[in-house]
Amino acid sequence: MRLQYPTDIRVIQLPCSGRVDILHLLKAFEDGADGVYVAGCMEGDCHFLTGNYKARRKVEYVKKVLESLGIEPERIEMYNMSSAEGPRFAQVANEFTERIAELGPSPVAKAKAA
Amino acid sequence: MKAGSNLEKVLAAGHFAVTGELGPPMGNNVEEVRHKAGFLKGIVESVNITDNQTAVVRMASWAACKILIDEGLEPNYQMVCRDRNRLALMADILGATALGIKNVLCLSGDHQRFGSHPESKNVYDLDSVQLLAAFQKMRDEKKFLNDKDLDGAPEIFIGAASNPFADPFEFRVPRLAKKIAAGADFVQTQCIYNMDKFREFMKRAVDKGLHEKCYILAGVTPMKSVGMANYMAKFVPGMDVPADIVKRLKGVDKKEQAAEGIKIAIEQIEEFKELEGVSGVHVMAIEWEHRAKEIIEGAGLLPRPEVD
Amino acid sequence: MIVGDSKPLEEILAMIEGREKVLVLGCRGCVTVCNVGGEKEVGILASTLRIARKKNGQAPGIEEMTLERQCDPEYIEELAEVAENYDAIISIACGVGPQFVSERFPGARVFPGINTTFIGGALEHGVWTERCQSCGNCLVHNFGGLCPIARCSKSLMNGPCGGSASGNCEISPDVPCVWDQIVKKMDAMGRLDELEQVWPNKNWLTARDGGPRQRVREDLKQ
């Protein structure tokens, strides 16, 4: 499968979505990312049992942080997909890119550019 | 005689006593106190005046007590530990007795979190059991809590509350025994709806001989409607409203529910009169003072005895 | 441990408004254990504040530091070289931290970044519960190892009150009635009779009511 997905997504690989840290997510925004999403395994399918549930809770935490800073919480999201679902990966990448394109550049990045 | 109050005299003479209840207004509306007191005059031995009941600020209990005295009624001064430390509790009982108040009811008090000023700080320096002991010491030893002599000791008939329906049930009678050991001369119970449970409570109290050390008055609050019954069943902690009470109220026309509630109350009192260990009833017709007479009269308790 | 809770971001942002150089100061003591004021949380708060400032087109100017403890002058001293570089120091230690830092550096503007909530322990990861009110005269052994002062809403020594229902406190069905637990525990231990005595008035002199407290150990003083 050589599925196309947007080239402006930077993929950071981790052994498990449970390894994602709140600080990783914040740092991405601090450094100007317009959006961040975490792609974890299907719920119930975590090799480490609860890694993806923990990732979701961290994403929810950062959503609240963004909201209190007046930044759209939609700029961060948690998705669950199986590693056998190439098309789903591409579909999510497209969907999220569209969402961020609609929101426009992050206010953090915009201020930096100005 | 400990205080020589009307309530104490009636109980001591062996009559089945009746007390009422009056909630002071949320303001200084003296007329409102007199108006409500008017409904209770002559039909009860004495009237409990609530003290910031349900943690909602109202006219000070001692002041409403004084108004009742001026109107020719006898008050039971309710005092909660939530709002005063031991200094204020002792000062207030001295002041209250100086004004002619002769009965007091010692309570812990509802927590303020769901009252009118939930952000306030509470006190709970003493608890209700310790408050009973404090007043008994002041009356009998004529001393403050610090063992210093009083310049004039309060002559006061000391009351406690008991809720047979709170949990854990097996500790309710032992806790009542603690209150009596601490100094309670009389006890008024929480409103009773679950008669089976109350009978069991009284049996245990009688087995311990508590009824011989203290007068126990059974609490009665008439149900005004199915809505009130449901509310009390669901939202008032420590209230036990059996389903058959609700069912019975539901069984009559909406307009008849209040009358049915009064009928239930009368039937309860008839049973309390026969129940071993019960020395009287405490009729809490909450915001329904004008219907108290129907209940007391209906239960054959009028006229009230006069005891010297 | 001493348990705390982060202050709302809005409140922290208002504290440092107009203050260019800001130090977020953590503590490796209790607040690290309860995940509110350690090195990790310093990083999160600092990053969040930087995002906020960048969003407004301001220079971030947020730095990070975590001390071994903020309740010990020895460690506060580590700030000596740098304290005056900052227009604001946000201490995310318990309430002792911002005070010790302020006392040591009278010119510094020190702000509390967390609210100190209680002395307690962890029931599980992410859940803490109050266990002690530091009344200064521990009595828990008399109550089956449960503290009525800290855990009864009314601090009753002769409970349970009439509001105890189905094991819960009258203030909320989410708050367990400690007196219900005390009675059941003492009963299970065959010690219920001990609860039938009237517990006398508590002497609150050893508690906060006796005024601010200080403790001196002559054997340790240097």
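All values below were derived from every heavy atom in this structure, side-chain atoms included, with hydrogens, water molecules and symmetry-related copies excluded. Residue numbers begin at 1 in each chain, while the letters A, B, ... track the order of the sequences.
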Minimal heavy-atom distance between C:Pro160 and B:Pro168, with the atoms involved, is CG-CD, 3.7 Å
Between B:Tyr124 and C:Trp204, the two heavy atoms sitting closest are O-CZ2, 4.0 Å
Bottom line for C:Pro173: the part with an atom under 4.5 Å from chain B's heavy atoms is neither
Honestly, the part of C:Val198 sitting under 4.5 Å from a heavy atom of chain B is both
Answer yes or no: does atom [atom1] of [X] have more than 12 heavy-atom neighbours from other residues, nucleotides or ligands under 6.0 Å?
{"X": "B:Phe169", "atom1": "CZ", "value": "yes"}
{"X": "B:Glu119", "atom1": "CD", "value": "yes"}
{"X": "C:Glu39", "atom1": "CD", "value": "no"}
{"X": "B:Lys208", "atom1": "NZ", "value": "yes"}
{"X": "C:Lys7", "atom1": "NZ", "value": "yes"}
{"X": "C:His141", "atom1": "NE2", "value": "yes"}

Side chain, backbone, both or neither: which part of [X] has a heavy atom under 4.5 Å from chain C?
{"X": "B:Asp125", "value": "both"}
{"X": "B:Asn163", "value": "side chain"}
{"X": "B:Leu145", "value": "side chain"}

Go through [options] and name the one with the most non-hydrogen pairs under 4.5 angstrom from chain C.
{"options": "B:Leu126, B:Leu131, B:Val236, B:Asp110", "result": "B:Asp110"}
{"options": "B:Glu170, B:Arg82, B:Gln130, B:Gln112", "result": "B:Gln130"}
{"options": "B:Arg172, B:Arg86, B:Arg113, B:Gln190", "result": "B:Arg172"}

Flag the one option from [options] with the top tally of heavy-atom pairs under 4.5 Å to chain B.
{"options": "C:Asp187, C:Asn201, C:Asp180", "value": "C:Asn201"}
{"options": "C:Gly167, C:Ser155, C:Gly159", "value": "C:Gly159"}
{"options": "C:Ser166, C:Cys169, C:Cys177, C:Gly162", "value": "C:Gly162"}
{"options": "C:Asn168, C:Val183, C:Asp193", "value": "C:Val183"}

Could you state the interatomic distance from [atom1] ([X]) to [atom2] ([Y]), rounded to the nearest 0.5 Å?
{"X": "B:Phe114", "Y": "C:Ser172", "atom1": "CZ", "atom2": "OG", "result": "6.0 Å"}
{"X": "C:Leu156", "Y": "B:Ser108", "atom1": "CG", "atom2": "OG", "result": "4.5 Å"}
{"X": "C:Cys161", "Y": "B:His111", "atom1": "SG", "atom2": "NE2", "result": "10.0 Å"}

Any donor-acceptor N/O pair, [X] side chain to [Y] backbone, under 3.5 Å:
{"X": "B:Lys178", "Y": "C:Leu195", "result": "yes"}
{"X": "C:Asn158", "Y": "B:Val129", "result": "no"}
{"X": "C:Lys154", "Y": "B:Gly109", "result": "yes"}

Original post:
How far apart are the C-alpha atoms of C:Leu192 and B:Phe171, what are their side-chain angles, what is the distance that settles it, and do they pass the side chain to side chain contact (heavy atoms under 4.5 Å, CB included) test?
Top reply: CA-CA 9 Å; C:Leu192 200 56; B:Phe171 199 66; 4.1 Å; yes
